[in-house]
Amino acid sequence: QVQLVESGGGLVQAGGSLRLSCAASGRTFGRYVVGWFRQAPGKEREFVAAIVWSSGVTYSADSVKGRFTISRDNAKNTMYLQMNTLKPEDTAVYYCAASLYYSGRSDYTFRTRSRYDYWGQGTQVTVSS
């Protein structure tokens with residue numbers, strides 16, 4: 001069992017930055033792909049970014065490429081999402097999620113909400129215009 005706890009959300013003006021953190025307990029992330037999803041009011045939860053922990057290979061949604069960066073700290077068993085040049089449309093609850101990784105797994109599954117087994121409670125990000 002993996003417990004995930006997000007932190008770092010808040011209120012920021014458009015053009016500003018925030019860094020979200022996702023800490024794991026119960027297991028290390030070593031065998032997992034770990035991702036960020038977000039859900040705005042009245043919308044579906046959508047993929048933001050993911051990282052294969054063992055290799056460090058990352059994946060990002062087109063809407064955040066060039067602005068958001070996902071990274072990991074092995075020693076702290078923590079994942080980060082650095083969000084720069086924030087826009088009002090980035091306002092959402094951001095969720096950390098984890099799924100077991102195995103060799104040969106298709107990377108499209110890293111973008112698929114239903115393929116993640118463990119979820120954090122979410123952290124609110126609000127970007128004012």
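Because only heavy atoms are used, hydrogens play no part in the values below, and waters and symmetry mates are left out as well, while side chains stay in.
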Participant: What distance do Ser63 atom OG and Glu89 atom CD have between them, rounded to the nearest 0.5 Å?
Facilitator: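 It comes to 9.0 Å.
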
Participant: Can you name the closest pair of heavy atoms from Thr112 and Tyr108 and give their distance?
Facilitator: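 Taking every non-hydrogen atom into account, OG1-O, 3.0 Å.
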
Participant: Same cluster or not: Tyr95 versus Met79, using hydrophobic residues (I, L, V, M, F, W, Y) connected whenever any side-chain heavy atoms lie under 4.5 Å apart?
Facilitator: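 Hydrophobic grouping puts Tyr95 apart from Met79.
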
Participant: Does a side-chain heavy-atom distance below 4.5 Å link Phe68 with Leu86?
Facilitator: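 Side-chain contact under 4.5 Å: yes.
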
Participant: Applying the 4.5 Å side-chain criterion to the ILVMFWY set and letting contacts propagate, would Leu81 and Val64 be lumped into a single cluster?
Facilitator: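 Yes.
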
Participant: Grouping I, L, V, M, F, W and Y whenever their side-chain heavy atoms are under 4.5 Å apart, do Tyr118 and Tyr94 come out in a common cluster?
Facilitator: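 The answer is yes; both residues are in one hydrophobic cluster.
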
Participant: So, taking the atom named CZ in Arg27 and the one named CD in Gln1, what distance separates them when rounded to the nearest 0.5 Å?
Facilitator: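 So the CZ of Arg27 and the CD of Gln1 are separated by 8.0 Å.
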
Participant: Please check if atom NZ in Lys43 has more than 12 non-hydrogen atoms from other residues, nucleotides or ligands closer than 6.0 Å.
Facilitator: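 Counting other residues, nucleotides and ligands, NZ of Lys43 stays at 12 neighbours or fewer.
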
Participant: For the OH atom on Tyr102, are there more than 12 heavy atoms of other groups (residues, nucleotides or ligands in this structure) within a distance under 6.0 Å?
Facilitator: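 Correct, the count exceeds 12.
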
Participant: Do the side chains of Val127 and Leu18 join up, straight or via other hydrophobic residues, at under 4.5 Å, putting them in one cluster?
Facilitator: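 Result: yes, single cluster for both.
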
Participant: Heavy atoms only: give me the nearest Trp36-Ile70 pair and the separation to one decimal.
Facilitator: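 Taking every non-hydrogen atom into account, CD1-CD1, 3.7 Å.
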
Participant: Does CZ belonging to Arg31 count more than 12 external heavy atoms closer than 6.0 Å?
Facilitator: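 No.
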
Participant: Which pair of heavy atoms, one from Tyr59 and one from Phe110, lies closest together, and at what distance?
Facilitator: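 Smallest heavy-atom distance, with atoms named: CE1-CD1, 3.4 Å.
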
Participant: Working to the nearest 0.5 angstrom, can you tell me the gap between Thr69 OG1 and Asn84 CG?
Facilitator: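 Rounded to the nearest 0.5 Å, the OG1-CG separation comes out at 6.5 Å.
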
Participant: Is it the case that one hydrophobic cluster holds both Val33 and Leu20, taking links as side-chain heavy atoms less than 4.5 Å apart, direct or via other members?
Facilitator: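 No; tracing contacts between hydrophobic side chains, which count when under 4.5 Å, never links both residues.
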
Participant: Classify the ring geometry between Trp53 and Phe29 as parallel (under 30°), tilted (30 to 60°) or perpendicular (over 60°).
Facilitator: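 Tilted: the ring planes of Trp53 and Phe29 meet at 30° to 60°.
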
Participant: Between the side chain of Gln39 and the main-chain N/O of Ala92, is any donor-acceptor distance below 3.5 Å?
Facilitator: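 Side chain of Gln39 to backbone of Ala92: no pair is present.
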
Participant: Testing the basics here: between Met83 and Val125, what is the closest heavy-atom pair and its distance to 0.1 Å?
Facilitator: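 Nearest heavy atoms, Met83 then Val125: CE-CG2, 3.9 Å.
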
Participant: Does the side chain of Thr91 come within less than 4.5 Å of Gln124's, by heavy atoms?
Facilitator: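 With C-beta onward as the side chain, the pair touches.
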
Participant: Does a side-chain N-to-carboxylate-O contact under 4.0 Å join Lys87 and Asp90?
Facilitator: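 Salt bridge: no.
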
Participant: Can you check whether Phe47 and Phe37 have ring centres sitting under 6.0 Å from each other?
Facilitator: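 Phe47 vs Phe37: aromatic centres under 6.0 Å.
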
